[in-house]
Amino acid sequence: MQNFLKINENDNVVVALDTIPAGQTIQVGAGGQDCAIKVLEEIPPGHKMALCHIPEGGEVVKYGYRIGYAKEEIQAGSWIHTHNLKTALGDLLEYTYEPVEEVKSGDKLPDIERNARQRQAWSYKNAAAGNGSGQEKAAVEDVTFPGYLRPDGKAGVRNEIWIIPTVGCVNNVATEIAKRANAFVKGSVEEVIAFPHPYGCSQMGDDQEYTRQILADLVNHPNAGGVLVLGLGCENSNIEVLMSYIGEYDENRVKFLVSQDCQDEIACSLELVKELIEYAGKCTREPVSVSKLVIGMKCGGSDGLSGITANPLVGRFSDLLISRGGTTILTEVPEMFGAETILMNRCASKELFCQTVDLINDFKKYFKSHNQTIYENPSPGNKKGGISTLEDKSLGCTQKSGSAPVRGVLQYGERVKTPGLNLLSAPGNDLVAATALAAAGAQIILFTTGRGTPFASPVPTVKISTNSALAARKAGWIDFNAGVLVEEGTMEEETKHLYDYVLEVAGGRKVCSEEAGFHDMAIFKQGVTL
């Protein structure tokens, strides 16, 4: 098997799939013909090697796009990484809406940019055509999973009882209630889960609003068959305040308790949880259309194979689900920097384009307002795995979006309303972003990783490895191995395998973090704590 990959015909680098030893001569297609290149130094797996001489200040091209400038002269066969490659990105930028379906071959664009946009235009048109065909509409009717159809029309993939503290002061109480209440689980109820967090009081401005909105989103989430909202009584985000964020609710499904008003808050809470279990335990799984699925997409601990295996695979899954009427959500805005124009030009309207520009620039302003470098990325683990610049990382990261048009742009804490591909404002932090995806309405999250992580979120979080070594070494963390794509697997086969696996998870199959009993949540904090 070839131990390197040239991703795009316009690239002037290859990516090592396995260690490429110094002194080896490799044959690489370039300009329509093979050329022999002697490897000048060992190239680690996931890292890049120059295919040609690149002058100081010259562009380094991967995925068909510039990922930075050479800091120094680079010879063919040399290792390219942070020591000789720097970002080409600036700060706040001006953007022009150039929808991909309108770009034509005669446009005056650099070859790399033009070819990439032509490929996107082809994908855009095919995705749009698929959404409107009678054949795909039939598929929506035929393909189902066994889920919980809620009275509001949303679908749950789990039937759990959630305990939502309004403030961090009652975290331990919430955890103890969940621990004791699991002894009373019956019927179709799967588990009682507490979601502790450190906020709900001593917050100001947007931070307070974010906390209230995220908690309300979780109260209304369809994976929860019943919810106990546990308050203290004197906090800023108390139950009375939170009620307006929650909106209309079913009194059988949502219960409230103020701890300061009870002599024994644990005993009182357990009685309420028993009522919730009695109610939710009568819910049953029934055939639900895949068009009801909302899937969040996130990556973390990325490596040089993330943009080659797992992320493109999730992108193909996203396109497939959207073609059947479903919804996907892409987040971690700082990891769109450098690839944002690809998403902007796939926006289905000028209004969505403007919203995406604001999404990007507002996050850059957030960095600058805290005197932080916008492009302080990738992380040490990313670099060890072969990612050299933010462009390198972002071009791999955004492949999770597939090729479908952008149909919605969501603010942090906002719930998804439009089927299709949505962009969500949230940071790159794994726990914060995954919680934001769940709060936006995702019933399942697909999380790609090259280095592995055991974390969870409020909803089933499918860990997809970029390489087979990780899948073998961390079988207790990894649910699906995309590393086979550089071995014997094909993209078509693995897309089908992933699609089938997600439907199994939607139907009740537990992922590794659920089997381990892990349930995490984290709320985005930006401002002052009193």
Side-chain angles (χ1 to χ4, degrees), residues 148 150 156 158-202 211-212 214-243 245-246 249-283 431 435 438-439 455-461 510 513-523:
Y148 296 97
R150 305 302 185 188
R158 295 291 182 268
N159 193 40
E160 300 164 337
I161 305 299
W162 288 2
I163 301 176
I164 308 292
T166 62
V167 64
C169 304
V170 292
N171 279 347
N172 289 328
V173 175
T175 300
E176 182 63 21
I177 294 166
K179 180 180 176 182
R180 297 190 194 184
N182 272 296
F184 306 118
V185 165
K186 63 179 182 178
S188 62
V189 172
E190 297 163 69
E191 191 176 1
V192 180
I193 303 165
F195 289 107
H197 62 87
Y199 302 125
C201 201
S202 302
T211 294
R212 293 167 179 169
I214 293 296
L215 296 182
D217 289 342
L218 294 180
V219 170
N220 289 307
H221 199 284
N223 282 10
V227 180
L228 172 63
V229 182
L230 181 68
L232 177 60
C234 56
E235 67 274 22
N236 295 122
S237 293
N238 58 63
I239 286 175
E240 185 176 349
V241 170
L242 200 60
M243 296 280 278
Y245 291 79
I246 294 171
Y249 65 92
D250 181 345
E251 293 182 357
N252 294 311
R253 179 184 170 273
V254 184
K255 306 288 184 182
F256 301 90
L257 186 134
V258 179
S259 298
Q260 290 173 343
D261 293 347
C262 298
Q263 183 175 358
D264 186 340
E265 67 280 357
I266 293 179
C268 292
S269 296
L270 286 173
E271 291 305 312
L272 293 177
V273 172
K274 287 178 184 178
E275 293 179 20
L276 292 170
I277 290 172
E278 190 68 34
Y279 167 76
K282 297 175 183 176
C283 299
L431 272 70
T435 300
F455 96 100
S457 80
V459 300
T461 305
K510 289 190 174 183
S513 58
E514 289 181 294
E515 293 284 4
F518 298 162
H519 305 282
D520 299 318
M521 75 165 288
I523 299 171

Sort out for me which residue in V167, N172, T166 forms a side chain to side chain contact (heavy atoms under 4.5 Å, CB included) with C169.
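Checked V167, N172, T166 against C169; only one passes side chain to side chain contact (heavy atoms under 4.5 Å, CB included): V167.
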Is the shortest side-chain heavy-atom distance between [X] and [Y] below 4.5 Å?
X    : Y    : result
V241 : N236 : no
L431 : F455 : yes
L218 : M521 : yes
N223 : P460 : yes
L276 : V227 : no
L270 : F184 : yes

Under 3.5 Å, side-chain donor or acceptor atoms of residues 255-263 against the rest of the protein: list the pairs with distances, not counting sequence neighbours.
| residue | atom | partner | partner atom | Å |
| --- | --- | --- | --- | --- |
| K255 | NZ | E251 | O | 3.1 |
| K255 | NZ | E275 | OE1 | 3.3 |
| S259 | OG | G231 | O | 2.9 |

Please confirm whether the backbone N or O of [Y] pairs with a side-chain atom of [X], one donor and one acceptor, at under 3.5 Å?
X    : Y    : value
R150 : H221 : no
T435 : I523 : no
T461 : V459 : yes
N238 : L232 : no

Non-hydrogen atoms of [X] and [Y] that approach each other most closely:
X    : Y    : result
A181 : V273 : CB-CG1, 3.6 Å
G225 : I161 : C-CD1, 4.5 Å
E235 : G233 : OE1-N, 2.5 Å
P165 : L215 : O-CD1, 3.7 Å
N171 : P198 : ND2-N, 4.3 Å
P458 : F195 : CA-CE2, 3.6 Å

Roughly how far, to the nearest 0.5 Å, is CD1 of I163 from OG1 of T175?
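It is 8.5 Å, given to the nearest 0.5 Å.
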Atom CG in L228, atom SG in C268: separation rounded to 0.5 Å?
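Those atoms lie 11.0 Å apart.
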Sequence-distant partners of Y148, ring-ring contact (aromatic ring centres under 6.0 Å, His included), two or more places apart
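For Y148, no residue satisfies ring-ring contact (aromatic ring centres under 6.0 Å, His included) once neighbours in sequence are set aside.
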Any pair counted as side-chain hydrogen bond (donor to acceptor under 3.5 Å, both in side chains), so long as it reaches residues 178-198, sequence neighbours left out
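Every side-chain hydrogen bond (donor to acceptor under 3.5 Å, both in side chains) pair that includes a residue of residues 178-198, provided the two are not neighbours, is N159-S188, E176-R180, K186-E278, E191-H519.
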Start with the C-alpha gap between V185 and V192, add the side-chain angles, then the distance that decides, and say whether side-chain contact (heavy atoms from CB on, under 4.5 Å) holds.
CA-CA 8 Å; V185 165; V192 180; 3.9 Å; yes
A quick test of your reading: do over 12 heavy atoms of other residues, nucleotides or ligands sit less than 6.0 Å from CG of D250?
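More than 12 within 6.0 Å, yes.
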